[in-house]
Asker: 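One structure, pasted below without further comment.
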Amino acid sequence: MSLSVLLPAAGLGERLGRGPKAFLEVGGKTLLEHALSAFAWAGEVLVALPPGYPQPPRSGVRFVAGGPTRQQSVWNMLREATGDVVLVHDVARPFVVREAVERLLKAVSETGAATLAIPVPDTLVEEQSGSYGAVIPRERYRLVQTPQGFRRELLLEAHREAIRLGQDYSDDAQAVLALGYPVALVEGDRRMFKLTYPEDLDLAEGLARTWNC
Ligand SMILES: Nc1ccn([C@@H]2O[C@H](COP(=O)(O)OP(=O)(O)OP(=O)(O)O)[C@@H](O)[C@H]2O)c(=O)n1
Ligand SMILES: C[C@](O)(CO)[C@H](O)COP(=O)(O)O
């Protein structure tokens, strides 16, 4: 089973406010470098970058232009991918636990579609006009992470259908689910969090000091 790893890295990092996160340094390496190191073992790696940004020369890595949305960036890479299976991983998640990726790959080999996800660790409440609203039964909910993995033909069909319907999903699993195809949930890892807000930088710098996965 051949594998392509797709690394969407073309976001502009507006919520964090320090420019494209792919080029942000944590622990002395850019988030892009963290991702390329984490998947250095993979046969084929594609990266979607914001247009006009430097493409660090790296053997075995192909760079494509990102799009205006994450889904479009993934589509731009997916069309170039050749693997039987594709893993899609946010470069905004620099810490990749190999055991979690192996769990995901096993699930993809068995089901054709899977994503990492973690339980909700806090009380989950609906916000109502700035006040504490209904409590959501968190036991039934998960926080979705990446990588997500799919048979390439399935993800191609899902993206084509999303384009046809004019749908823009925040992750690839939703596009596959929209085809009526189930997506397995696989135990992720809280350390694989997505840098999204400024305070996430402190968390990432702290984790980087002891990171050896
Ligand atoms: N047009 C886009 C938007 C996002 N991404 C990538 O998708 C992942 C998750 O997106 P997010 O965390 O939202 O990154 P940004 O879009 O940069 O963040 P923001 O929404 O705060 O601008 C990131 O690795 C980001 O680089 C992408 O490749 N192309
Ligand atoms: C793909 C993702 O990381 C799964 O949780 C998430 O949907 C990305 O959302 P963002 O708003 O593009 O960061």
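In each ligand, atom 1 is the first atom listed, and ligand 1 is the first ligand listed. Counting from 1, the numbers follow the sequence of the chain as shown.
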Asker: Report the member of Gly11, Pro20, Gly17 with the shortest heavy-atom distance to atom 25 (C) of ligand 1.
Answerer: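 Closest candidate by heavy-atom distance is Gly11.
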Asker: Look at ligand 2 and say whether Gln148 reaches it with a heavy atom at a distance under 4.0 Å.
Answerer: no
Asker: Nearest protein heavy-atom contact for atom 29 (N) of ligand 1: which residue, which atom, what distance?
Answerer: Ser73 OG, 2.8 Å
Asker: Hey, does Ala22 sit under 4.0 Å from ligand 1 if you only count heavy atoms?
Answerer: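 The answer is no, since Ala22 has no heavy atom less than 4.0 Å from ligand 1.
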Asker: Pick whichever of His89, Lys21, Arg70 has a heavy atom sitting closest to atom 12 (O) of ligand 1.
Answerer: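 Shortest heavy-atom distance from atom 12 (O) of ligand 1: Lys21.
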Asker: Could you list which atoms of ligand 2 come closer than 4.0 Å to a heavy atom of Arg70?
Answerer: 1 (C)
Asker: Is any NZ, NE, NH1 or NH2 atom of the basic residue among Glu205 and Arg209 found under 4.0 Å from an Asp or Glu carboxylate oxygen of the other?
Answerer: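 So Glu205 does not pair with Arg209 through a salt bridge.
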Asker: Out of Leu49, Val47, Asp90, whose heavy atom sits nearest atom 9 (C) of ligand 1?
Answerer: Asp90
Asker: Identify the two heavy atoms, one from Leu87 and one from Pro147, that lie closest to each other, and give their separation to 0.1 Å.
Answerer: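 Minimum heavy-atom separation between Leu87 and Pro147: CB-CB, 4.4 Å.
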Asker: Nearest to atom 17 (O) of ligand 1, what protein heavy atom do you find, and at what distance?
Answerer: Gly13 N, 2.7 Å
Asker: Please determine whether any non-hydrogen atom of Asp90 lies less than 4.0 Å from an atom of ligand 2.
Answerer: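 Checking ligand 2 against Asp90, which is what was asked, there is a heavy-atom contact under 4.0 Å.
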Asker: Which of the atoms in ligand 1, numbered in the order shown and given with their element, are less than 4.0 Å from a heavy-atom of Pro68?
Answerer: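 Listed by number with element, the hits are 1 (N).
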Asker: Judging by distance only, is a nitrogen or oxygen of Pro8 under 3.5 angstrom from one on ligand 1?
Answerer: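 For ligand 1, there is an N or O atom that lies under 3.5 Å from one belonging to Pro8.
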Asker: Of the protein's non-hydrogen atoms, which lies at the shortest distance from atom 4 (C) of ligand 2, and what is that distance?
Answerer: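 In this structure, atom 4 (C) of ligand 2 has Val144 O, 3.5 Å as its nearest protein heavy atom.
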Asker: If you count the atoms of ligand 1 from 1 in the order shown, which ones are under 4.0 Å from a heavy atom of Ala92?
Answerer: 23 (C), 24 (O)
Asker: Any idea which protein heavy atom is nearest atom 13 (O) of ligand 1, and the distance to it?
Answerer: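 Minimum-distance protein heavy atom for atom 13 (O) of ligand 1 reads Arg15 NH2, 2.7 Å.
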Asker: Looking at every heavy atom in both Arg103 and Gly188, which two are closest together, and how far apart are they?
Answerer: NH2-O, 3.3 Å
Asker: Could you find the nearest protein heavy atom to atom 22 (O) of ligand 1 and give me its residue, atom name and distance?
Answerer: Glu14 N, 2.8 Å
Asker: Using a 4.5 Å cut-off on heavy atoms from C-beta on, say whether the side chain of Leu3 contacts that of Trp41.
Answerer: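 The answer is yes, as the side chains (C-beta and beyond) meet within the 4.5 Å cut-off.
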Asker: Test of understanding: given a 4.0 Å heavy-atom threshold, classify the contact between Lys194 and ligand 1 as side chain, backbone, both, or neither.
Answerer: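 Side chain only.
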Asker: Give the minimum heavy-atom separation between Met1 and Ser109, together with the two atoms involved.
Answerer: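 Met1 and Ser109 have their closest heavy atoms at SD-CB, 4.4 Å.
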Asker: Going only through I, L, V, M, F, W and Y residues with side-chain contacts under 4.5 Å, is there a path from Val97 to Leu31?
Answerer: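 Yes, because Val97 and Leu31 connect within a single hydrophobic cluster, where side-chain heavy atoms sit under 4.5 Å apart.
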Asker: Identify whether the distance between the nearest side-chain nitrogen and carboxylate oxygen of Arg70 and Asp171 falls below 4.0 Å.
Answerer: no
Asker: Are Lys106 and Glu110 within salt-bridge range, i.e. N to O under 4.0 Å?
Answerer: yes
Asker: Which heavy atom of Ala173 sits nearest a heavy atom of Phe150, and at what distance?
Answerer: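 In this case the closest contact between Ala173 and Phe150 is N-CZ, 3.7 Å.
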Asker: Please state which part of Ala9 comes within less than 4.0 Å of ligand 1, counting heavy atoms only: side chain, backbone, both or neither.
Answerer: backbone
Asker: I'd like to know if Arg164 and Glu161 make a salt bridge, using a cut-off of under 4.0 Å between side-chain N and carboxylate O.
Answerer: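 Counted as a salt bridge, because a side-chain N and a carboxylate O are separated by less than 4.0 Å.
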Asker: Using a strict cut-off of 4.0 Å, indicate which atoms of ligand 2 neighbour a heavy atom of Lys194.
Answerer: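 Per the distance check, 3 (O), 8 (C), 10 (P), 13 (O).
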Asker: Taking only heavy atoms of Arg15 into account, list the atoms of ligand 2 that are under 4.0 Å away from them.
Answerer: 10 (P), 11 (O), 13 (O)
Asker: Using the six-membered ring wherever Trp is involved, compare the ring planes of Phe23 and Tyr53 and label them parallel, tilted or perpendicular (cut-offs 30° and 60°).
Answerer: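 Correct class here is parallel.
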Asker: Which residue supplies the protein heavy atom nearest to atom 28 (O) of ligand 1, what is that atom called, and how far is it?
Answerer: Ala10 N, 2.9 Å
Asker: Which of the numbered atoms in ligand 2 are under 4.0 angstrom from any heavy atom belonging to Arg93?
Answerer: 2 (C), 3 (O), 4 (C), 5 (O)
Asker: Would Thr196 count as a contact of ligand 1 if the rule is a heavy atom under 4.0 Å away?
Answerer: no
Asker: Could you tell me if the side chain of Leu116 sits less than 4.5 Å from the side chain of Asp189, heavy atoms only?
Answerer: no
Asker: For Arg93 and Met192, which heavy atoms make the closest approach, and how far apart are they?
Answerer: NH1-O, 3.0 Å
Asker: Take every heavy atom of Gly67, measure it against each atom of ligand 1, and state whether any distance is under 4.0 Å.
Answerer: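 The answer is yes, since Gly67 has a heavy atom less than 4.0 Å from ligand 1.
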Asker: Which protein non-hydrogen atom lies closest to atom 6 (C) of ligand 2, naming both residue and atom, and how far is it?
Answerer: Ser170 O, 3.7 Å
Asker: Could you report the tightest heavy-atom contact between Ala48 and Met77, atom names first, then the distance?
Answerer: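 For Ala48 and Met77, the tightest heavy-atom pair comes out as N-SD, 3.3 Å.
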